[in-house]
Amino acid sequence: MAPPHFLLVTFPAQGHINPSLQFAKRLLRVGAHVTFATAIRARHCMAESKSSSAGLSFASFSDGYDDGLDNWDDIDLYMDELDRRGSQTLSDLIALNHGNGRRFSGVFYTTLLPWAAEVARSHGIPSTLVWIQPATVLDFYYYYFHGYGDLIRSTGDNPSVPIQLPGLPSLMAGDIPSFCNAKNEYNFSLPLFQRHFEVLLEEANPRILANTFDALEPDPIRAIDKFEVIGIGPLIPSAFLDGQDPSDTSFGGDLFKSSSSYMQWLDTKPKASVIYLSFGSISVLSKPQKEEMVRALLEAGRPFLWVIRESGKEERDEDRLSFKEELEKLGMIVPWCTQVEVLSHPSVGCFVTHCGWNSTLESLVCGVPVVVFPQWSDQQTNAKLVADVWRTGVKVTPNEQGLVESGQMRRCLELVLGDGEEGEEMRRNAQKFRELAREAVKEGGSSDKSLRAFVNEVREASG
Ligand code: UDP
């Protein structure tokens, strides 16, 4: 029987491209062909990164900004353009392939691209959503649009009353995805999530492949009976997870340029001594917040590796960090790094993270306890899972102005890195999830079995 050929359509942001590339490599490993497609602009940046995706084909569609995008300030306009131009050019791509005798057996599409399912349907191709956030967040959005919207919106008036949704941990107002929070300032995403559910629920047997695993979210994976959530994660380069492919040492699609000397620097540091700080590929800390962080790091007096992305603009005097010399004596500031490699280094003892879902999974896979400092989107909910459900880290508490003061930050760092019982427990839990993640992806593990079964089904259906 011929191997199935999938088209994998990916939103052009780092947090989508990384798990999607890893998903593509897993599909290749179970014998499928894959064409990975993202926006032209992102594809250009990816082409410059060290790629470990032999056997993968690449294609691109337009998001309306092929020559570049200065910032995401008008995100509503961007999402409209992406939908309009993306639908058109993706449809052309599929038609061209079909014209050349290469018919896709299925289309996968990542979160925020419900229109990709509509394009697939117009060509008579089955499609499947690849959800790149926790199952808990998927369920939460489902509940928001199906019977619990008023309850969730009322948390704005009663922030101290927990919301209890079937199969989910109880959530306070500060734990829910920011888009559903009364203070939400972004309108672009909720209509897209709603459209995802509309598209899915029109199908006879809706299924969603999610970057999670059964032992991590046993109840949320099974909470909703209107669709099936299939855990196929964690989607992390093999060298840092199951080791089946030791050459797979990065996602292979960085949109940012990395520095190079930090690994040698980490080699010179004692075991579990380094604080690694990164806020992902989108969030930017305000200048006052960075200054609080600087003070916390200097007071903690431990080595640190801090990712501060370059803005692309010339640095102004007022942007410069204080105490630069003192900071340089203690640690390193880099514009980008290979995060999974850093987290796997034995000298890293703590990860200060914005709690993006990829960073969260990477911390679990590498067994590194965290200080969670959520910013927006799903990060508040991910932080709740980390701090209260899996107990692999501690969450910072901002002051009334929303600033995490240096003293608060230092206390959290000491809690995670110190010798107290709480720190011990977080490290033990982090190790436990490290093992469970490996169990899930090894041959016969829950995620491995589920993905193989899915691909075999498509192979039989299209054969
Ligand atoms: N990342 C990286 N190097 C860095 C910072 C981030 O490789 O210096 C990667 C990280 O490993 C993760 C992704 O970028 O896979 C960020 O995704 P996440 O979901 O954590 O956050 P987002 O960028 O979507 O906010």
Side-chain angles (χ1 to χ4, degrees), residues 10-23 25 38 42 45-46 48-52 72 75 110-112 130-134 137 177-179 186 189 210-212 233-241 248-263 265-266 274-285 304-310 331-345 348 351-366 368 370-383 385-386 393 437:
T10 303
F11 185 82
Q14 196 72 67
H16 296 235
I17 288 173
N18 284 3
S20 197
L21 277 171
Q22 217 49 43
F23 176 55
K25 293 181 213 167
T38 191
C45 303
M46 283 172 63
E48 293 175 21
S49 115
K50 181 174 75 171
S51 178
S52 51
W72 294 82
I75 197 156
T110 64
T111 310
L112 299 181
V130 179
W131 183 256
I132 53 129
Q133 293 179 350
V137 172
S178 66
F179 302 133
Y186 298 102
S189 63
N211 185 14
T212 184
L235 296 167
I236 308 279
S238 173
F240 305 108
L241 183 57
D248 183 21
T249 55
S250 70
F251 289 99
D254 280 2
L255 301 178
F256 302 87
K257 288 211 172 59
S258 183
S259 0
S260 56
S261 53
Y262 57 86
M263 288 308 284
W265 180 83
L266 285 175
V274 175
I275 301 166
Y276 169 62
L277 306 95
S278 166
F279 293 81
S281 63
I282 299 170
S283 294
V284 178
L285 292 189
F304 67 86
L305 176 65
W306 187 359
V307 179
I308 303 184
R309 292 188 325 277
E310 280 163 0
M332 261 187 113
I333 297 180
V334 293
W336 190 254
C337 67
T338 303
Q339 181 164 294
V340 272
E341 200 178 9
V342 167
L343 288 172
S344 302
H345 195 286
V348 173
F351 179 14
V352 179
T353 172
H354 70 313
C355 236
W357 184 235
N358 295 289
S359 295
T360 305
L361 278 179
E362 289 159 21
S363 74
L364 294 172
V365 164
C366 299
V368 177
V370 290
V371 173
V372 292
F373 191 158
Q375 308 286 310
W376 73 319
S377 184
D378 59 333
Q379 294 156 20
Q380 276 85 352
T381 317
N382 305 345
L385 296 173
V386 165

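When reading the values below, keep in mind they use all heavy atoms of this one structure, side chains included, and skip hydrogens, waters and symmetry mates. Note that ligands are numbered from 1 as they come in the structure, with each ligand's atoms numbered from 1 the same way.
Thr110 and Ser20 get closest at one heavy-atom pair: CG2-OG, 3.8 Å. Leu21 and Gly252 make their closest contact through CD1-C, 3.8 Å (heavy atoms, listed as atom of the first residue, atom of the second, distance). When all heavy atoms of Pro177 and Val137 are compared, the pair lying nearest together is CG-CG1, 4.2 Å. Closest non-hydrogen pair, Gln339 versus Ser278, comes out as OE1-OG, 3.5 Å. Taking each heavy atom of Thr38 and Ala42 in turn, the nearest pair found is CG2-CB, 4.1 Å.
Taking atom 19 (O) of ligand 1 as the reference point, the nearest protein heavy-atom neighbour is Asn358 ND2, 2.8 Å. Looking only at heavy atoms of the protein, atom 20 (O) of ligand 1 is closest to Ser359 OG, 2.6 Å. With respect to atom 24 (O) of ligand 1, the closest heavy atom belonging to the protein is Gly15 CA, 3.6 Å.
One N or O on the side chain of Asn358 and one on the backbone of Gly15 form a donor-acceptor pair closer than 3.5 Å. Remark: side-chain polar atoms of Thr353 are paired, donor with acceptor, to backbone N or O of Cys355 under 3.5 angstrom.
For ligand 1, the polar-atom distance check finds an N/O of Cys337 within less than 3.5 Å of one of the ligand's N/O atoms. At a 3.5 angstrom cut-off on N or O pairs, Glu362 counts as close to ligand 1. Checking only distances, Thr338 never comes within under 3.5 Å of ligand 1, N or O to N or O.
Counting the atoms of ligand 1 from 1 in the order shown, those under 4.0 Å from a heavy atom of Gly280 are 23 (O). For ligand 1 and Asn18, the ligand atoms under 4.0 Å from any heavy atom of the residue are 9 (C), 12 (C), 13 (C), 14 (O), 15 (O). Applying the 4.0 Å criterion to heavy atoms of Gly356 picks out, from ligand 1, the atoms 18 (P), 19 (O), 20 (O), 21 (O). Set against the non-hydrogen atoms of Ser281, the atoms of ligand 1 under 4.0 Å away are 22 (P), 23 (O). For ligand 1, the atoms closer than 4.0 angstrom to any heavy atom of Gln14 are 14 (O). Near Trp357, with a cut-off below 4.0 Å to any heavy atom, the atoms of ligand 1 are 19 (O).
Only the side chain of Phe251 comes within contact range of ligand 1, with a heavy atom under 4.0 Å; no backbone atom does. Counting heavy atoms under 4.0 Å from ligand 1, residue Ser278 touches it through the side chain alone. In His354, the part holding a heavy atom less than 4.0 Å from any atom of ligand 1 is the side chain. At a 4.0 Å heavy-atom cut-off, ligand 1 touches Trp336 through backbone and side chain alike.
In summary, the side chains of Asp378 and Trp357 do not present any donor paired with an acceptor at a separation below 3.5 Å, with no hydrogens or angles considered. Looking at Asn18 and Gln14, their side chains do bring a donor and an acceptor atom within 3.5 Å of each other. In this structure, a donor-acceptor pair under 3.5 Å is absent between the side chains of Ser178 and Gln380.
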